[in-house]
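Heads up, the thing below is written out as structure tokens.
Atoms within a ligand are numbered from 1 in the order they appear, just like the ligands themselves.
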Amino acid sequence: MPLLVMKFGGTSVANLDRIRRAAKRVGVEVAKGYDVIVIVSAMSGKTNELVGWVNETSPLYDAREYDAVVSSGEIVTAGLMALTLQEMDVPARSWQGWQVPLRTNSAHSQARIEEIGTEAINAKFGEGMRVAVVAGFQGISPEGRVTTLGRGGSDTTAVAFAAAFGAERCDIYTDVDGVYTTDPRICDKARKLDKIAYEEMLELASLGAKVLQTRSVELAMRYKVKLRVLSSFEEQSDEAGTLVCDEEEIMESNVVNGVAYSRDEAKLTCLSVADRPGIAATIFTCLSDAGVNVDMIVQNISEDGRTDMTFSCPTDQVKRAEVALNGCKDKGDLNFGELVADTGVAKVSVVGIGMRSQSGVAAKMFRVLSDEGVNIKVITTSEIKISVLIDRKYMELAVQALHDAFELDKAS
Ligand code: ADP
Ligand code: ASP
Ligand code: MG
């Protein structure tokens with residue numbers, strides 16, 4: 001039988017009615033003759049609640065226990081989805097990550113998938129099961145403990161299953177009807193794209209567009225998975241939504257194709273660090289050992305042999321970073337004057353493969369921000385993106401102004 005992977009995000013399984021609606025969508029594909037692997041998220045808000053409980057119990061939590069707690073949301077929806085399908089007379093069975101098994105490395109809370117066992121599920125398909133409902137976001141470590149794949153990780157579960165089982169397509173059902181030029185929730189001129197190149201989607205995702213988890217796009221690109229994003233709230237045709245595909249399949253493209261933002265950024269500066277070889281290595285080894293995900297890095301010009309080292313990381317890792325760096329200082333491994341944290345910043349980025357061959361994009365971006373009175377704190381660039389760190393209160397204004405200036409509401 002041909003096989004489809006269908007993933008339903010949190011809002012698509014937010015209550016029993018929505019689970020029923022999603023199950024009906026699955027039933028349509030089963031009736032067409034597909035076997036289906038359904039990947040489910042936790043009910044919307046559930047994972048946030050679980051993360052909140054963990055933080056309240058233990059601010060510098062043990063990541064193994066974090067995973068034990070936050071993986072539970074998906075277990076509930078997987079069972080409920082299987083029951084709903086059974087009520088519709090569709091032969092279905094639920095699977096938790098360890099039962100599949102979906103094997104990951106031991107990087108708790110950010111684990112990477114290493115292998116998916118296909119035998120057990122395929123054997124059940126062979127016995128007449130039509131739908132395998134799999135709890136997204138979770139796996140099992142080599143030590144036999146439950147792991148999770150990072151926030152938004154059910155997207156990655158879905159793409160990994162599509163690759164492992166050779167699915168015809170991987171459909172990601174969510175609360176918007178596709179990938180837009182920017183988040184339609186903060187910019188009403190955002191335009192839905194029919195197609196987007198893997199590379200652009202990868203940048204947008206890694207820069208904060210949470211419609212797909214970054215790792216899911218990486219996997220789709222590597223294994224050439226036909227990946228589609230579409231709404232679980234509308235009737236769907238085979239052409240609905242946005243197809244994430246090779247650059248060659250897209251005829252026309254703007255220089256800038258999308259604007260992304262990331263709200264929960266923090267900027268930390270180690271003031272007056274000794275400017276000598278090895279100091280950056282010491283700072284960033286200390287941060288990485290503490291599990292801090294550093295993003296942007298800037299080192300100032302040094303004066304009298306001292307310099308300032310600035311970096312950004314997610315707001316919820318600031319405490320971890322402070323404890324780690326101050327610990328390093330107390331041990332005498334590192335010497336700096338003061339550690340200053342600014343937790344009120346956001347990152348705004350413009351993305352487009354057209355930037356490879358077009359100059360002036362950075363200049364235009366900075367001009368637009370300056371015209372809006374927005375001060376830029378940190379800048380980073382790559383071949384196809386430019387990112388700036390700005391005060392969070394200007395984030396939406398910046399996104400809208402850039403969307404207008406690069407005329408993203410118009411197709412090329
Ligand atoms: P799910 O729970 O289905 O996984 P998510 O909340 O993770 O859904 O992702 C969908 C959300 O992503 C949308 O509601 C939208 O606000 C946000 N989003 C951010 N950037 C974009 C974009 N460029 N296109 C579409 N949605 C976007
Ligand atoms: N429930 C998890 C989260 O909220 C995984 C997912 O929905 O993709 O991050
Ligand atoms: Mg998501």
Give the residue, atom name and distance (to 0.1 Å) of the protein heavy atom nearest atom 9 (O) of ligand 2. Arg151 NE, 2.6 Å
Can you find an N or O of Ser154 that's nearer than 3.5 Å to an N or O of ligand 2? yes
Any donor-acceptor pair under 3.5 Å linking the side-chain atoms of Thr181 with those of His403? yes
What's the shortest distance from atom 7 (O) of ligand 2 to any protein heavy atom, and which residue and atom give it? Ser41 OG, 2.9 Å
For the residue pair Val13 and Arg18, establish whether any side-chain heavy-atom pair is separated by less than 4.5 Å. no
Look only at interatomic distance and state if Gly150 has a nitrogen or oxygen under 3.5 Å from any nitrogen or oxygen of ligand 2. no
Considering only heavy atoms from C-beta outward, does the side chain of Tyr61 approach that of Asn55 to under 4.5 Å? yes
Which of these, Arg215, Lys7, Gln213, sits in a side chain to side chain donor-acceptor pair (under 3.5 Å) with Thr156? Gln213
Going by side chain to side chain donor-acceptor pair (under 3.5 Å), Tyr34 matches just one of Glu29, Arg130, Glu168. Which one? Glu168
With the threshold set at under 4.0 angstrom, would you say Gly136 reaches ligand 2 through any of its heavy atoms? no
Among the heavy atoms of Gly9, does any lie under 4.0 Å from an atom of ligand 2? no
Check ligand 1 against the protein and report each N/O to N/O distance under 3.5 Å, formatted as atom name, atom name, distance.
unit_1: ligand 1; atom_1: 2 (O); unit_2: Gly10; atom_2: N; d: 3.1
unit_1: ligand 1; atom_1: 3 (O); unit_2: Thr174; atom_2: OG1; d: 2.7
unit_1: ligand 1; atom_1: 4 (O); unit_2: Lys7; atom_2: NZ; d: 3.1
unit_1: ligand 1; atom_1: 6 (O); unit_2: Lys210; atom_2: NZ; d: 3.4
unit_1: ligand 1; atom_1: 7 (O); unit_2: Lys210; atom_2: O; d: 3.4
unit_1: ligand 1; atom_1: 8 (O); unit_2: Thr174; atom_2: OG1; d: 3.1
unit_1: ligand 1; atom_1: 14 (O); unit_2: Asp175; atom_2: OD1; d: 2.8
unit_1: ligand 1; atom_1: 14 (O); unit_2: Asp175; atom_2: OD2; d: 3.3
unit_1: ligand 1; atom_1: 14 (O); unit_2: Arg185; atom_2: NE; d: 2.9
unit_1: ligand 1; atom_1: 14 (O); unit_2: Arg185; atom_2: NH2; d: 2.8
unit_1: ligand 1; atom_1: 16 (O); unit_2: Asp183; atom_2: OD1; d: 2.8
unit_1: ligand 1; atom_1: 16 (O); unit_2: Asp183; atom_2: OD2; d: 3.3
unit_1: ligand 1; atom_1: 16 (O); unit_2: Arg185; atom_2: NE; d: 3.0
unit_1: ligand 1; atom_1: 23 (N); unit_2: Tyr180; atom_2: O; d: 2.9
unit_1: ligand 1; atom_1: 24 (N); unit_2: Tyr180; atom_2: N; d: 2.9

Counting only heavy atoms, tell me which of Gln213, Lys46, Glu74, Met43 gets closest to atom 1 (N) of ligand 2. Glu74
Name the orientation class of the two ring planes belonging to Phe311 and Phe284 (parallel below 30°, tilted from 30 to 60°, perpendicular beyond 60°). perpendicular
The test is side-chain hydrogen bond (donor to acceptor under 3.5 Å, both in side chains); show your working for Thr148 and Asp67 and say whether it passes. CA-CA 6 Å; Thr148 62; Asp67 280 349; 2.5 Å; yes
Taking C-beta and beyond as the side chain, do Ile283 and Phe336 meet within less than 4.5 Å on heavy atoms? no
Looking only at the side chains, is there a donor atom on one of Asn48 and Arg151 sitting less than 3.5 Å from an acceptor on the other? yes
